[in-house]
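I have placed the structure first, in the form of C-alpha cells, so that the comments after it can refer back to it.
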Amino acid sequence: MTRAEFRSTLQRWCLEDGGANAGVEGLKRDLEFLERELFHEYKVTSHGEHGSFGARLARWIGNLDNDADRKNLYLILAHLFFIGKSEQDAAYRTAYSKHVMQWLMDVSGIDPFQTNARTLLAQELASTRFTEVTDSFGIRDFCIINGIQSEALRYKWEGNIDGWDAADFRNNVLDEDVNGSLRRKNLVLLEDFVGSGSQMLDAVDLAVSLGPEVNVLLCPLFICPEGAREANVRSSAIAHFSFSPVLSFEERFFISPAYDTSEHPDFDRVRRLLVKIHPKLQGYPQEYGPFGYRETGGFIVPYTNCPDNSIPAVHKKIQNSWEPLFLRNSRLPT
C-alpha cells in the first residue's frame, strides 16, 4: 500500500467512524504530531531505504487485505508508548541525581541537612562503581550527561557472566587492595530497558554473591512488570540489595495471551487480531509467538531499538510476508 492509498483509506475510516470526535480521527491527529516531533528519532530506520514513518505505516497497514483487520491493526497504535531521546536522556539524569544519590545516602546514613553532607556524599561516590548490564544501556552517555569523570573502567556484565570469578571482580572492578579492603564498596547495575529481566537477574545474583560488605543497587531506566516483580522479590529477601527503577511500566502497556478482567476494552479485539495474523509473522530470527518474548505483549518502542518483548507485529520483518512499522535490529542472523 502506498502512502496516498493509505491516506484515502484513513479518510474513509474517519468518515465511517463519525468524524472528529471518534477514535480513528483522534489517533490520526496524534500520530501526525508524533511523526513530526518524535518518530523520526527511531535509530534503526533513520538511515537507508526504510522511508519515513508515514511510508512505513502505509506498508504496515498494507500487510493485510481485510479492511476490518487493517483498521484494527491501525488502532493498536493508540496503545503505543514511544521513548524518545529526550526522555531517555532525562532518565539518565534522574537515575543519577535521584535514585543513585538517594540510595547512597540511605546505605551510608547521610542526613542531607547535615553541614558536611556534600563532602560525605562525594566520598561515597568515590567508593562507587557504575556498571552496565548490557551494552544497550550506554554507560558512556550516562557518564557524559551526568558529568561523571572518574569512571575509567566501564564494566559490562553481558559477556562476563559465564566464568565470572568473584575474586577477580573484587580485585579488578572493586579495587581490592592487598589487605582485602575494597575501595569500591558500592556497586550500581544500570540498564536501559528491562523486559522479563532474565539477563539482568543473572548479573544481580552474581553481584549480591559478593556478600553484605558490598552494597548493590539495580537501577534500570525502564522496566516491564515481570522484570520488576522478580527484582522486588530479591530486594525484599536480600538486605544489601536495592531495586530502584526510574520508570516501572504499568500493566496497561502490555497485552497477555489470556483475557484479564482489568484489561483495556480494546485488548480482546487486539488479541484476536494478533493471533489471526501471526502466521504471516512466523519465522526466524526469534520466533516467540504473537505476544513476543516470554509472552510479554509489550507496546513499548524505545528510540534506540524495539525490544523483542514488544508484539512482533510492530517490529518483525518477514520477507514477502510482513513489513514492520518499527523494524527491530536483532542480534540474531536473519
Exercise. Between the side chains of Asn179 and Ser181, does any donor sit under 3.5 Å from an acceptor?
Worked result: no
Exercise. Short question: side chain of Asn160, backbone of Lys156 - any donor-acceptor pair under 3.5 Å?
Worked result: yes
Exercise. Are the aromatic ring centres of Phe53 and Phe82 under 6.0 angstrom apart?
Worked result: no
Problem set entry | Distance-only donor-acceptor check, side chains Ser244 and His99, under 3.5 Å | yes
Seminar exercise, completed: CG of Asp106 to CG of Leu217, rounded to nearest 0.5 Å, is 10.0 Å
Exercise. Any chance the side chains of Asp192 and Ser136 put a donor and an acceptor closer than 3.5 Å?
Worked result: yes
Problem set entry | Salt bridge present between Lys185 and Glu124 (N-O < 4.0 angstrom) | yes
For this session: Of all the heavy-atom pairs spanning Trp164 and Ser209, show the shortest one and how long it is.
Result: CZ3-OG, 3.8 Å
For this session: For the residue pair Arg56 and Thr45, confirm or rule out a side-chain donor-acceptor distance under 3.5 Å.
Result: yes
Exercise. If we only count heavy atoms from C-beta on, is the Arg170 to Glu213 side-chain gap below 4.5 Å?
Worked result: yes
For this session: Give the ring-plane orientation class for His79 versus His264, where under 30° counts as parallel, over 60° as perpendicular and anything between as tilted.
Result: perpendicular
Exercise. Taking NZ, NE, NH1 and NH2 as the nitrogens, is one of them in Arg183 or Asp177 under 4.0 Å from a carboxylate oxygen of the other?
Worked result: no
Exercise. Is there a donor-acceptor contact under 3.5 Å from the side chain of Tyr288 to the main chain of Thr296?
Worked result: no
Exercise. Within the distance-only criterion (no hydrogens, no angle test), does the side chain of Tyr42 pair as donor or acceptor with the backbone N or O of Cys306 below 3.5 angstrom?
Worked result: yes
Problem set entry | Flag, side chain of Asn63 to backbone of Trp60, donor-acceptor distance under 3.5 Å | yes
Problem set entry | Nearest non-hydrogen partners of Met105 and Pro112, listed with the distance | SD-CB, 3.9 Å
Exercise. Where does the angle between the aromatic ring planes of Tyr96 and Phe130 fall among parallel (under 30°), tilted (30 to 60°) and perpendicular (over 60°)?
Worked result: tilted
Problem set entry | Side-chain (Asn146) to main-chain (Tyr92) donor-acceptor, under 3.5 angstrom | yes
For this session: Would you check if Leu218 and Glu191 make a side-chain contact, meaning some heavy-atom pair closer than 4.5 Å?
Result: no
Exercise. Under 3.5 Å, side chain of Glu176 to main-chain N/O of Leu182, donor-acceptor pair present?
Worked result: no
For this session: State whether the side chain of Ser8 and the backbone N or O of Ala4 hold a donor-acceptor pair below 3.5 Å, judged by distance alone.
Result: no
Seminar exercise, completed: In this structure, OG1 of Thr9 is separated from CD1 of Ile61 (nearest 0.5 Å) by 9.0 Å
Problem set entry | Any Val194 side-chain heavy atom under 4.5 Å of Glu226 side chain | no
For this session: Using modelled atom types only, decide if a donor and an acceptor are shared between the side chain of Glu158 and the backbone of Asp135 within a distance under 3.5 Å.
Result: yes
For this session: Could you walk me through whether Val301 and Phe81 pass the side-chain contact (heavy atoms from CB on, under 4.5 Å) test, one step at a time?
Result: CA-CA 6 Å; Val301 180; Phe81 190 105; over 6 Å; no
Problem set entry | Distance-only donor-acceptor check, side chains Thr134 and Trp157, under 3.5 Å | no
Exercise. Do NZ/NE/NH1/NH2 and the carboxylate oxygens of Lys317 and Glu323 come within less than 4.0 Å?
Worked result: yes
Problem set entry | Closest non-hydrogen atom pair between Ala258 and Glu263, with its separation | O-OE1, 4.1 Å
Exercise. Is a salt bridge present between Asp205 and Arg234, judged by a nitrogen-to-oxygen distance below 4.0 Å?
Worked result: yes
Exercise. So, Asp89 and Arg93, do they make that salt bridge, N to O below 4.0 Å?
Worked result: no
For this session: Answer yes or no: is there an ion pair linking Arg271 with Glu295, defined by an N-O contact shorter than 4.0 Å?
Result: no
For this session: Grab the two heavy atoms, one from Ser235 and one from Ser242, that are nearest each other, plus how far apart they are.
Result: OG-CA, 4.1 Å
For this session: Taking atom CZ of Arg118 as the centre, report whether more than 12 heavy atoms of other residues, nucleotides or ligands fall under 6.0 Å from it.
Result: no
Exercise. Is the backbone N or O of Tyr303 less than 3.5 Å from a side-chain atom of Glu41, with the two atoms forming a donor-acceptor pair by type?
Worked result: no
Exercise. If you measure only the distance, is there a donor-acceptor pair under 3.5 Å linking the side chains of Asn329 and Asn305?
Worked result: no
Exercise. Would you call Arg70 and Asp67 a salt bridge, taking side-chain N to carboxylate O under 4.0 Å as the test?
Worked result: no
For this session: Check whether any side-chain N or O of Glu230 sits under 3.5 Å from a backbone N or O of Gly227 as a donor-acceptor pair, and report yes or no.
Result: no
Problem set entry | Residue pair Phe299 / Val314, side-chain heavy-atom distance below 4.5 Å | no
Seminar exercise, completed: Note: Cys14 and Val24 closest approach over all heavy atoms is SG-CG1, 3.7 Å
Problem set entry | ring-ring contact (aromatic ring centres under 6.0 Å, His included) assessment of Phe33 paired with Phe39 | CA-CA 9 Å; Phe33 171 80; Phe39 290 156; 9.7 Å; no
